[in-house]
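Note that the structure is a prediction, hence the values are computed from the model and not measured.
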Amino acid sequence: MTPDALAGLHAACFTSPRPWSSAEFADLLTMEGVFLLAESDGFLLARVVADEAEILTLAVDPTRRRRGAASRLLAAFGAEARARGAATAFLEVAADNEAALALYAGAGFLRRARRKGYYKVPGRQPVDAEILSMALR
């Protein structure tokens, strides 16, 4: 997927936090340790630093959800992160995103911490971020 395609799908999936631009995706894709996993319906962008993997974002076309794409991308992420030497994985997700929390719990992620008021939402109260992690080995 091109940075433009990534940004377009990201914008279809996210309003808060704000979607990332094509330039931001282009920059991320040049960073050491960053990798992209993509399907026709979605993508997962992650990075491995030392022995730790981080999911930066996961986006699936809203009209194509609940067909397994996110689960397949998470499984591929685990395999790729392990292949790159990661022993643990983590991510952050909005505490009010119940669908994402259920997806990650089903993949084996556990809640580890909470960042109070992490996501600033125009016209709303800030939303906490849940920090999730899991062992990869």
Side-chain angles (χ1 to χ4, degrees):
M1 294 180 97
T2 67
D4 286 342
L6 295 169
L9 182 52
H10 207 251
C13 295
F14 296 99
T15 57
S16 175
R18 72 162 178 80
W20 298 349
S21 70
S22 178
E24 288 169 316
F25 277 106
D27 287 344
L28 282 165
L29 290 168
T30 65
M31 297 175 91
E32 186 174 343
V34 171
F35 62 96
L36 174 69
L37 303 168
E39 290 198 358
S40 60
D41 298 341
F43 70 89
L44 184 150
L45 188 67
R47 67 179 158 202
V48 172
V49 176
D51 68 345
E52 200 169 60
E54 178 184 13
I55 294 176
L56 300 170
T57 193
L58 169 61
V60 174
D61 182 333
T63 67
R64 312 273 308 162
R65 290 184 178 158
R66 307 213 41 91
R67 298 180 185 182
S71 295
R72 288 189 301 275
L73 287 166
L74 283 173
F77 159 77
E80 181 64 23
R82 280 189 292 280
R84 291 172 177 251
T88 61
F90 75 98
L91 61 95
E92 64 188 35
V93 61
D96 63 355
N97 189 340
E98 292 300 322
L101 288 167
L103 171 72
Y104 295 127
F109 282 87
L110 301 172
R111 292 181 188 190
R112 300 294 186 193
R114 182 178 277 236
R115 292 183 177 143
K116 293 286 187 186
Y118 185 76
Y119 294 108
K120 309 298 184 212
V121 183
R124 286 182 37 204
Q125 291 288 344
V127 176
D128 295 348
E130 292 282 354
I131 308 303
L132 311 179
S133 70
M134 68 181 288
L136 294 173
R137 294 188 193 153

Of all the heavy-atom pairs spanning Pro62 and Ala12, show the shortest one and how long it is.
CG-O, 3.3 Å

Any side-chain to backbone donor/acceptor pair from Arg84 onto Val49? Under 3.5 Å, distance only.
no

Gap separating the CD atom of Glu92 from the CG atom of Asp128, nearest 0.5 angstrom
12.0 Å

Minimal heavy-atom distance between Leu136 and Gly78, with the atoms involved, is CD2-CA, 4.2 Å

Check for me, please, whether Leu45 and Val93 land in the same ILVMFWY cluster - side-chain distances under 4.5 Å, paths through other members count.
no

Approximate separation, where rounding is to 0.5 Å, of Leu9 CG and Phe43 CZ:
5.5 Å

According to a 4.5 Å side-chain heavy-atom criterion applied to Ile, Leu, Val, Met, Phe, Trp and Tyr, with indirect links allowed, do Val48 and Ile55 form part of one hydrophobic cluster?
yes

Pick from Leu28, Leu6, Leu44: which one makes a side chain to side chain contact (heavy atoms under 4.5 Å, CB included) with Leu36?
Leu6

Between Ala76 and Leu37, which heavy-atom pair has the shortest distance, and what is it?
C-CD1, 3.6 Å

When you measure from the side chain of Asp51 to the backbone N and O of Ala86, does any donor-acceptor pair fall under 3.5 Å?
no

Working note: Phe77 + Leu58, criterion side chain to side chain contact (heavy atoms under 4.5 Å, CB included); need CA distance, chi angles, decisive distance, verdict.
CA-CA 10 Å; Phe77 159 77; Leu58 169 61; over 6 Å; no

How far apart are the closest heavy atoms of Gly85 and Arg137, and which atoms are they?
O-NH2, 2.7 Å

Ala7 and Trp20 have their tightest heavy-atom pair at CB-O, 3.6 Å

Flag yes if Met31 and Leu56 sit in one hydrophobic cluster, no otherwise; membership is Ile, Leu, Val, Met, Phe, Trp, Tyr, and two members link when side-chain heavy atoms are under 4.5 Å apart.
yes

Aromatic ring pairing His10/Phe25, orientation class (parallel under 30°, perpendicular over 60°, tilted between)
perpendicular

Would you list the atom pairs, donor with acceptor, under 3.5 Å between side chains in residues 96-106 and any protein atom, with sequence neighbours excluded?
residue: Asp96; atom: OD2; partner: Arg124; partner atom: NH2; Å: 3.0
residue: Asn97; atom: OD1; partner: Ala100; partner atom: N; Å: 3.1

dist Leu132:CG -> Leu110:CG (nearest 0.5 Å) comes out at 8.0 Å

Hey, which of Lys116, Arg115, Arg112, Arg114 is the one that makes salt bridge (charged side-chain N to carboxylate O under 4.0 Å, His left out) with Glu130?
Arg114

Is it the case that one hydrophobic cluster holds both Val34 and Met1, taking links as side-chain heavy atoms less than 4.5 Å apart, direct or via other members?
yes

Between Thr63 and Asp61, does any side-chain donor sit less than 3.5 Å from a side-chain acceptor?
yes

Is any side-chain N of the basic residue among Arg18 and Glu24 closer than 4.0 Å to the acidic one's carboxylate O?
yes

In short, Ala94 meets Val127 closest at the heavy-atom pair CB-CG1, 4.0 Å

Quick one: pull up OG1 in Thr57 and CZ in Phe14 and give me the separation to the nearest 0.5 Å.
4.0 Å

